[in-house]
Amino acid sequence: MVSYKDLGLVNTREMFKKAKEGKYAVPAYNFNNMEQIQAIITACLETQSPVILQVSSGARKYADQTLLRYMGQGAVEMMKAHAAEKGLKEIPIALHLDHGDTFELCKSCIDSGFSSVMIDGSHHSFEDNIALTKQVVEYAHQHDVTVEGELGVLAGIEDDVVAAKSVYTQPEEVVEFVEKTGVDSLAISIGTSHGANKFKPEQCTKNEEGVYIPPELRFDILEEIEKQIPGFVIVLHGSSSVPIEAVKIINENGGALKDSVGIPEAQLRKASQSSVCKVNIDSDGRLWMTAAIRKHFIENPTHFDPRQYLGPARVALIEMYKHKNENVLGSAGKA
Ligand code: G3H
Ligand code: 13P
Ligand code: ZN
């Protein structure tokens with residue numbers, strides 16, 4: 001048994017308390033490899049933002065859960081060294097299991113040093129979701145690990161589960177769920193979804209430049225939920241904006257992404273000022289990394305050293321994470 005406290009990590013309780021009071025959202029960025037974690041830590045340290053490092057089930061399959069846990073620990077050590085070198089204040093870092101689907105998986109992450117876990121029982125019946133989430137909360141809280149639950153289903157890929165349609169969170173269910181499970185935060189479904197194709201073209205309007213404008217998120221449902229559980233921490237998954245600039249670079253350099261639509265940043269800014277205290281972003285990192293690498297190969301066809309193309313990809317990621325913290329989530333300067 002390894003406690004996250006011995007690794008320099010923190011749980012999300014204090015982060016969320018400050019985010020709620022300060023009306024901003026803590027970034028939750030997914031990572032699978034060294035360049036992503038370096039970029040996240042560099043950007044968050046330089047913008048003085050708290051950060052949640054997320055490990056998905058795809059990441060565990062790709063990179064190994066144990067290695068990713070050590071990378072989380074390494075991220076803390078790197079952050080401390082760079083903070084000392086640059087004369088910056090250290091930032092709080094949480095290591096979070098994203099979309100955990102069983103008690104056993106959550107337990108294994110808690111036992112190996114994760115400071116926060118999500119138990120995603122949203123695909124179960126309401127009663128089974130409560131029972132599973134409660135079981136995880138009881139174990140996690142014995143170790144001072146914080147737990148995120150989910151009500152409602154997001155369309156798109158939620159790790160291995162693919163849902164064709166969103167099922168919005170029902171505000172009348174949240175009080176019972178939160179009271180019976182004891183969760184620390186609640187992920188809700190109000191129109192976001194996972195991946196780079198969040199809306200079908202026919203659901204959108206087009207502006208003069210031919211850019212798809214998606215329908216607004218269901219802020220009315222969010223407000224209803226806030227009325228039911230005032231002050232409770234809300235989490236937004238599927239919050240990539242799918243920047244048109246990144247998609248353009250990809251497609252101009254041999255890519256073939258079609259009908260990519262994300263959540264406009266203005267809506268994420270609005271959500272971050274509400275009870276939404278955690279915003280999950282993965283796909284935007286994938287897009288910027290791919291854009292930088294595709295462009296690099298077209299411009300430098302003789303290159304074959306991974307550092308030659310992963311280096312620029314890492315620079316692109318740093319810029320993107322800084323932008324999110326400073327201009328979208330409002331977490332810059334809140335470490
Ligand atoms: O849960 C959302 C993640 O973006 C899915 O990531 O493909 O690594 O499982 P994954
Ligand atoms: P995006 O696919 O919109 O980046 O969402 C990521 C996410 O919700 C991870 O849990
Ligand atoms: Zn998610």
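Just so you know, ligand 1 is whichever comes first in the structure, and atom 1 is the first atom listed for that ligand.
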S.K.: Which residues pass the side-chain contact (heavy atoms from CB on, under 4.5 Å) test with E223, sequence neighbours left out?
M.R.: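 Here the qualifying residues are E226.
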S.K.: Note down each nitrogen or oxygen pair, ligand 2 side and protein side, whose separation is under 3.5 Å; give only atom names and the distance to 0.1 Å.
M.R.:
{"unit_1": "ligand 2", "atom_1": "2 (O)", "unit_2": "G195", "atom_2": "N", "d": "2.9"}
{"unit_1": "ligand 2", "atom_1": "2 (O)", "unit_2": "S283", "atom_2": "OG", "d": "2.7"}
{"unit_1": "ligand 2", "atom_1": "3 (O)", "unit_2": "K198", "atom_2": "NZ", "d": "2.5"}
{"unit_1": "ligand 2", "atom_1": "3 (O)", "unit_2": "S239", "atom_2": "N", "d": "3.2"}
{"unit_1": "ligand 2", "atom_1": "3 (O)", "unit_2": "S240", "atom_2": "N", "d": "3.0"}
{"unit_1": "ligand 2", "atom_1": "4 (O)", "unit_2": "S240", "atom_2": "OG", "d": "2.6"}
{"unit_1": "ligand 2", "atom_1": "4 (O)", "unit_2": "D282", "atom_2": "N", "d": "2.7"}
{"unit_1": "ligand 2", "atom_1": "4 (O)", "unit_2": "S283", "atom_2": "N", "d": "2.7"}
{"unit_1": "ligand 2", "atom_1": "5 (O)", "unit_2": "G238", "atom_2": "N", "d": "3.3"}
{"unit_1": "ligand 2", "atom_1": "8 (O)", "unit_2": "H194", "atom_2": "NE2", "d": "3.0"}
{"unit_1": "ligand 2", "atom_1": "8 (O)", "unit_2": "H237", "atom_2": "ND1", "d": "3.4"}
{"unit_1": "ligand 2", "atom_1": "8 (O)", "unit_2": "G238", "atom_2": "N", "d": "2.8"}
{"unit_1": "ligand 2", "atom_1": "10 (O)", "unit_2": "D98", "atom_2": "OD1", "d": "3.0"}
{"unit_1": "ligand 2", "atom_1": "10 (O)", "unit_2": "D98", "atom_2": "OD2", "d": "2.7"}
{"unit_1": "ligand 2", "atom_1": "10 (O)", "unit_2": "H99", "atom_2": "NE2", "d": "3.3"}
{"unit_1": "ligand 2", "atom_1": "10 (O)", "unit_2": "H237", "atom_2": "ND1", "d": "3.1"}
{"unit_1": "ligand 2", "atom_1": "10 (O)", "unit_2": "N280", "atom_2": "ND2", "d": "3.1"}

S.K.: Is N129 reaching over with its side chain to a backbone N or O of H124, donor-acceptor style, under 3.5 angstrom?
M.R.: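 A pair under 3.5 Å: no.
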S.K.: Testing the 3.5 Å rule here: is there a donor-acceptor pair between the side chains of N325 and Y29?
M.R.: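 Their side chains do contain a donor-acceptor pair, which is all the 3.5 Å distance test asks for.
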S.K.: Quick one: does R60 get within less than 4.0 Å of ligand 1, heavy atoms only?
M.R.: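 Checking ligand 1 against R60, which is what was asked, there is no heavy-atom contact under 4.0 Å.
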S.K.: By the definition side-chain hydrogen bond (donor to acceptor under 3.5 Å, both in side chains), identify the one residue from H141, Q135, K134, Q142 that meets it with E138.
M.R.: K134
S.K.: May I have the angle between H237 ND1 and H194 NE2 with its vertex at the Zn ion (ligand 3), rounded to 10°?
M.R.: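 Output for this angle: 130°, rounded to tens.
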S.K.: Are I250 and W288 grouped together when hydrophobic residues (ILVMFWY) are joined by side-chain heavy atoms under 4.5 angstrom apart?
M.R.: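 Looking at the clustering, W288 is in a separate group from I250.
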S.K.: Do H194 and D282 get their side chains close enough for a donor-acceptor pair, meaning under 3.5 Å?
M.R.: no
S.K.: At under 4.0 Å between heavy atoms, is it the side chain or the backbone of Q54 that contacts ligand 1, or both, or neither?
M.R.: neither
S.K.: Using distance alone, decide if ligand 1 has a nitrogen or oxygen within less than 3.5 Å of any nitrogen or oxygen in D282.
M.R.: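 Checking ligand 1 against D282, an N or O pair does fall under 3.5 Å apart.
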S.K.: Is it the case that atom CZ in F126 sees more than 12 heavy atoms from other parts of the structure closer than 6.0 Å?
M.R.: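 Yes - once you tally the heavy atoms of other residues, nucleotides and ligands closer than 6.0 Å, there are more than 12.
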S.K.: When only distance counts, is N32 in polar contact with ligand 1, meaning an N/O pair under 3.5 Å?
M.R.: no
S.K.: Pull out every atom of ligand 1 sitting under 4.0 Å from any heavy atom of H194, numbered as shown with elements.
M.R.: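 The atoms of ligand 1 under 4.0 Å from a heavy atom of H194 are 1 (O), 2 (C).
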S.K.: For a quick check under 3.5 Å, do R69 and Q73 share a side-chain donor-acceptor pair by atom type?
M.R.: yes
S.K.: Roughly how far apart are R269 CZ and S274 OG, rounded to 0.5 Å?
M.R.: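 These two atoms lie 14.0 Å from each other.
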S.K.: Measure the CD-CG distance between Q65 and L97 for me, rounded to the nearest 0.5 Å.
M.R.: 7.5 Å
S.K.: Any atoms of ligand 1 less than 4.0 Å from a non-hydrogen atom of G58? List them with their elements.
M.R.: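 It comes down to these atoms of ligand 1: 8 (O), 9 (O), 10 (P).
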S.K.: Under 3.5 Å, N or O to N or O, is H99 touching ligand 1 that way?
M.R.: yes
S.K.: Please classify the D98 to ligand 1 contact at 4.0 Å (heavy-atom distances, strictly less than): side chain, backbone, both or neither.
M.R.: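 It is the side chain that gets close, since no backbone atom is under 4.0 Å.
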S.K.: Evaluate whether atom NZ of K180 has more than 12 neighbouring non-hydrogen atoms of other residues, nucleotides or ligands under 6.0 angstrom away.
M.R.: no
S.K.: Just give me the atom name: the N, O or S atom of H99 closest to the Zn ion (ligand 3).
M.R.: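 Result: NE2.
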S.K.: How does A59 reach ligand 1, if at all, at less than 4.0 Å between non-hydrogen atoms: by side chain, backbone, both, or neither?
M.R.: backbone
